[in-house]
Amino acid sequence: MDTTHNGQAKEEAAAAAAVRDGSVCGYESLDRLLRDNLRPEVFQEVSRLLIGLNCGRTLEVVPLADSAKALSSECDFDIQAFRFTADKEVLREPRVVRVGLIQNSIVLPTTAPFLDQKRAIHQKVKPMIDAAGASGVNILCLQEAWTMPFAFCTREKRWCEFAEPVDGESTRFLQDLAKKYNMVIVNPILERDVNHGETIWNTAVIIGNHGNIIGKHRKNHIPRVGDFNESTYYMEGNTGHPVFETAYGKIAVNICYGRHHPLNWLAFGLNGAEIVFNPSATVGELSEPMWPIEARNAAIANSYFVGSINRVGTETFPNPFTSGDGKPQHADFGHFYGSSHFSAPDASCTPSLSRHRDGLLVSDMDLNLCRQLKDKWGFRMTARYELYADILAQYLKPEFEPQVISDPLLQKKSY
């Protein structure tokens, strides 16, 4: 008997099954795969290298209320909680805020009536928000366009029916919960701007802890890569890089594709953000190797916390579509791999939520860490903004020439 061949076949079958269900070789996440397959002392060292140390220590796990854990069990969503600390200061008290992220799949098939789809998602997400409330979360962020399937790459205009005003049904739904739990909620929606010709935007509405609307931010960068050509529905936003001062801290929202642009992250930091949320919708084949890196790098470079949220599941649409990458027409974008996580300015980050299940991630974070890391590394003080401003100003001119100094002995090639 060829045991090698049989073993390889079993491994391939297991890998194929994992791809289908969205797991990592049968595990919820990379962290859980490593935790269950490495000796504790080895896992501790691997974890130190992968997700760092917070103030020189392993990230603390936070115990959650029994009612929150009961909702997690009853409604089958992943729930995890951690604590980022800061060094004790003499002149300032700790500024600890509890922050939550929610990732979820859609509920009904994309062929179901639109209102039924939206209401079903509301009903699904509500127990997760209740669990956040029971856990004492102060600021909560949902995923990009959470009220609908991520249909923006089908190029079918009928999905615009999901768009709603800033003060529409989904905002009103969350306003009640924000008031109930004394919680700031970031509500990413497909916005219909009724005051400007029914224009559509990809927007995050910031709801205050009293249920009031603090403001909104519109997605700055629109992708044109593979399936993700969203400019059929909305264009680049016009709200700049606003930072919203809430009862619990200064927050900003870098929506999805904006995470690939370092200057976008920088601008929120220059405006004083302490926490920047990145509600997203992205699939494994396209971006998964980038996912643990970009937001974490932004947290380090800009001395603030980052909350990264990605939806989960595979969403299949009734009509096949094509994209710009030359693939045959298909009816889905691939697997939205979840893996929501928090990153801190000291280069530490939490383990990720499940790659294939709904989830609520909770984190305590001492916002004093932001200033402490600014003092330690001096990035603001040592940056050369005047040089960057000069090169950007030059680059924008039609007659711009790159600053390249060629070796005079280099033989020039003609192209």
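Note that these values count all heavy atoms, side chains included, but never hydrogens, waters or copies made by symmetry. Just so you know, these numbers come straight off a predicted model, no measurement behind them. The first residue in the sequence is number 1, and the count goes up from there.
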Item to check | Worked verdict on Tyr385 versus Asp390 for side-chain hydrogen bond (donor to acceptor under 3.5 Å, both in side chains) | outcome: CA-CA 8 Å; Tyr385 298 117; Asp390 181 63; over 6 Å; no

Okay, side chain of [X], backbone of [Y]: is any donor-acceptor separation there less than 3.5 Å?
{"X": "Tyr257", "Y": "Ser280", "answer": "no"}
{"X": "Ser348", "Y": "Ala344", "answer": "no"}
{"X": "His335", "Y": "Glu285", "answer": "no"}
{"X": "Asn297", "Y": "Ile293", "answer": "no"}
{"X": "Gln103", "Y": "Arg311", "answer": "no"}
{"X": "Asn212", "Y": "Ile214", "answer": "no"}
{"X": "Lys374", "Y": "Met381", "answer": "no"}
{"X": "Ser73", "Y": "Lys69", "answer": "no"}

Item to check | Trace of the side-chain contact (heavy atoms from CB on, under 4.5 Å) decision for Val225 with Leu286 | outcome: CA-CA 9 Å; Val225 54; Leu286 179 66; 4.1 Å; yes

Next on the checklist: For a side-chain contact (heavy atoms from CB on, under 4.5 Å) check, start with the C-alpha distance between Thr85 and Asp366, then their side-chain angles and the critical distance, and finish with the verdict.
Outcome noted: CA-CA 5 Å; Thr85 61; Asp366 187 341; 5.7 Å; no

Next on the checklist: One pair to check against salt bridge (Lys or Arg N to Asp or Glu O under 4.0 Å): Lys216 and Asp193. What are the steps and the verdict?
Outcome noted: CA-CA 12 Å; Lys216 65 175 181 281; Asp193 185 355; over 6 Å; no

Checklist entry - salt bridge (Lys or Arg N to Asp or Glu O under 4.0 Å) between Arg39 and Glu41: does it pass, once the steps are laid out? => result CA-CA 6 Å; Arg39 298 193 311 273; Glu41 66 275 13; 2.7 Å; yes

Item to check | side-chain contact (heavy atoms from CB on, under 4.5 Å) partner of Cys349, chosen from Leu59, Ile51, Asn54 | outcome: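 Of the listed residues Leu59, Ile51, Asn54, the side-chain contact (heavy atoms from CB on, under 4.5 Å) partner of Cys349 is Ile51.
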
Next on the checklist: Phe268 and side-chain contact (heavy atoms from CB on, under 4.5 Å): which single residue from Asn254, Ile275, Val306 fits?
Outcome noted: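 Of Asn254, Ile275, Val306, side-chain contact (heavy atoms from CB on, under 4.5 Å) with Phe268 is met by Asn254 alone.
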
For [X] and [Y], work out which heavy atoms get closest and say how close.
{"X": "Cys256", "Y": "Lys219", "value": "CB-NZ, 3.8 Å"}
{"X": "Leu353", "Y": "Ser29", "value": "O-CB, 4.0 Å"}
{"X": "Ala131", "Y": "Leu71", "value": "N-CD1, 3.6 Å"}
{"X": "Cys153", "Y": "Asn229", "value": "SG-N, 4.2 Å"}
{"X": "Pro188", "Y": "Leu142", "value": "CG-O, 3.3 Å"}

Fit a plane to each ring of [X] and [Y], take the angle between them on a 0 to 90° scale, and name the class: parallel (under 30°), tilted (30 to 60°) or perpendicular (over 60°).
{"X": "Trp291", "Y": "His341", "result": "perpendicular"}
{"X": "Phe336", "Y": "Phe150", "result": "perpendicular"}
{"X": "Phe152", "Y": "Tyr234", "result": "perpendicular"}
{"X": "Phe321", "Y": "Phe317", "result": "perpendicular"}

Next on the checklist: If you count every heavy atom of other residues, nucleotides or ligands that lies below 6.0 Å from Asp66 atom CG, does the total exceed 12?
Outcome noted: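 Open.
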
Next on the checklist: Does Gln44, at its CD atom, have more than 12 non-hydrogen atoms belonging to other residues, nucleotides or ligands within less than 6.0 Å?
Outcome noted: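 No.
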
Do [X] and [Y] come close enough that some side-chain heavy atom pair is under 4.5 Å?
{"X": "Ile255", "Y": "Asn278", "value": "no"}
{"X": "Val137", "Y": "Tyr181", "value": "no"}
{"X": "Asn310", "Y": "Gln143", "value": "no"}
{"X": "His330", "Y": "Pro320", "value": "no"}
{"X": "Phe400", "Y": "Ile391", "value": "yes"}
{"X": "Asn209", "Y": "Thr246", "value": "no"}
{"X": "Ile213", "Y": "Gln175", "value": "yes"}

Checklist entry - Can Ser287 and Tyr337 be said to form a side-chain contact (heavy atoms from CB on, under 4.5 Å), step by step? => result CA-CA 10 Å; Ser287 66; Tyr337 53 82; 2.9 Å; yes

Checklist entry - Under the ring-ring contact (aromatic ring centres under 6.0 Å, His included) criterion, do Trp146 and His122 qualify, and how do the steps go? => result CA-CA 9 Å; Trp146 71 276; His122 281 201; 5.1 Å; yes

Next on the checklist: Is there a side-chain contact (heavy atoms from CB on, under 4.5 Å) between Cys75 and Lys124? Walk through the geometry before answering.
Outcome noted: CA-CA 8 Å; Cys75 301; Lys124 182 180 194 179; over 6 Å; no

Next on the checklist: Pairing donors with acceptors under 3.5 angstrom, does anything connect the side chains of Asp78 and Ser354?
Outcome noted: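 Side-chain D/A pair, Asp78 to Ser354: absent.
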
Item to check | From CA spacing to verdict: salt bridge (Lys or Arg N to Asp or Glu O under 4.0 Å), Glu230, Arg224 | outcome: CA-CA 7 Å; Glu230 300 164 26; Arg224 294 164 177 84; over 6 Å; no

Rounded distance [0.5 Å steps], [atom1] in [X] versus [atom2] in [Y]:
{"X": "Leu177", "Y": "Met183", "atom1": "CG", "atom2": "CE", "value": "8.0 Å"}
{"X": "Ser303", "Y": "Lys376", "atom1": "OG", "atom2": "NZ", "value": "11.0 Å"}
{"X": "Cys141", "Y": "Ile102", "atom1": "SG", "atom2": "CD1", "value": "9.5 Å"}
{"X": "Thr171", "Y": "Ile185", "atom1": "OG1", "atom2": "CD1", "value": "10.0 Å"}
{"X": "Met148", "Y": "Glu144", "atom1": "CE", "atom2": "CD", "value": "10.0 Å"}
{"X": "Asn220", "Y": "Thr239", "atom1": "CG", "atom2": "OG1", "value": "6.0 Å"}

Quick one: do [X] and [Y] make a salt bridge, cutoff under 4.0 Å?
{"X": "Arg119", "Y": "Asp116", "value": "no"}
{"X": "Arg95", "Y": "Glu93", "value": "no"}
{"X": "Asp375", "Y": "Arg371", "value": "no"}

Item to check | Criterion salt bridge (Lys or Arg N to Asp or Glu O under 4.0 Å) on Arg35 and Glu28, from CA distance to verdict | outcome: CA-CA 11 Å; Arg35 186 183 299 273; Glu28 293 265 13; over 6 Å; no

Item to check | ring pair (Phe, Tyr, Trp, His ring centres under 6.0 Å): pairs with one or both residues in residues 23-47, sequence neighbours excluded | outcome: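 Those involving residues 23-47 do not exist here.
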
Checklist entry - Does anything in residues 57-87 pair up under ring pair (Phe, Tyr, Trp, His ring centres under 6.0 Å), and if so which pairs, sequence neighbours excluded? => result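 Residue pairs passing ring pair (Phe, Tyr, Trp, His ring centres under 6.0 Å), neighbours aside: Phe84-Phe305.
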
Item to check | Passing candidate, salt bridge (Lys or Arg N to Asp or Glu O under 4.0 Å) with Glu164, options Lys118, Arg172, Arg192 | outcome: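 Single pass found, and it is Lys118.
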
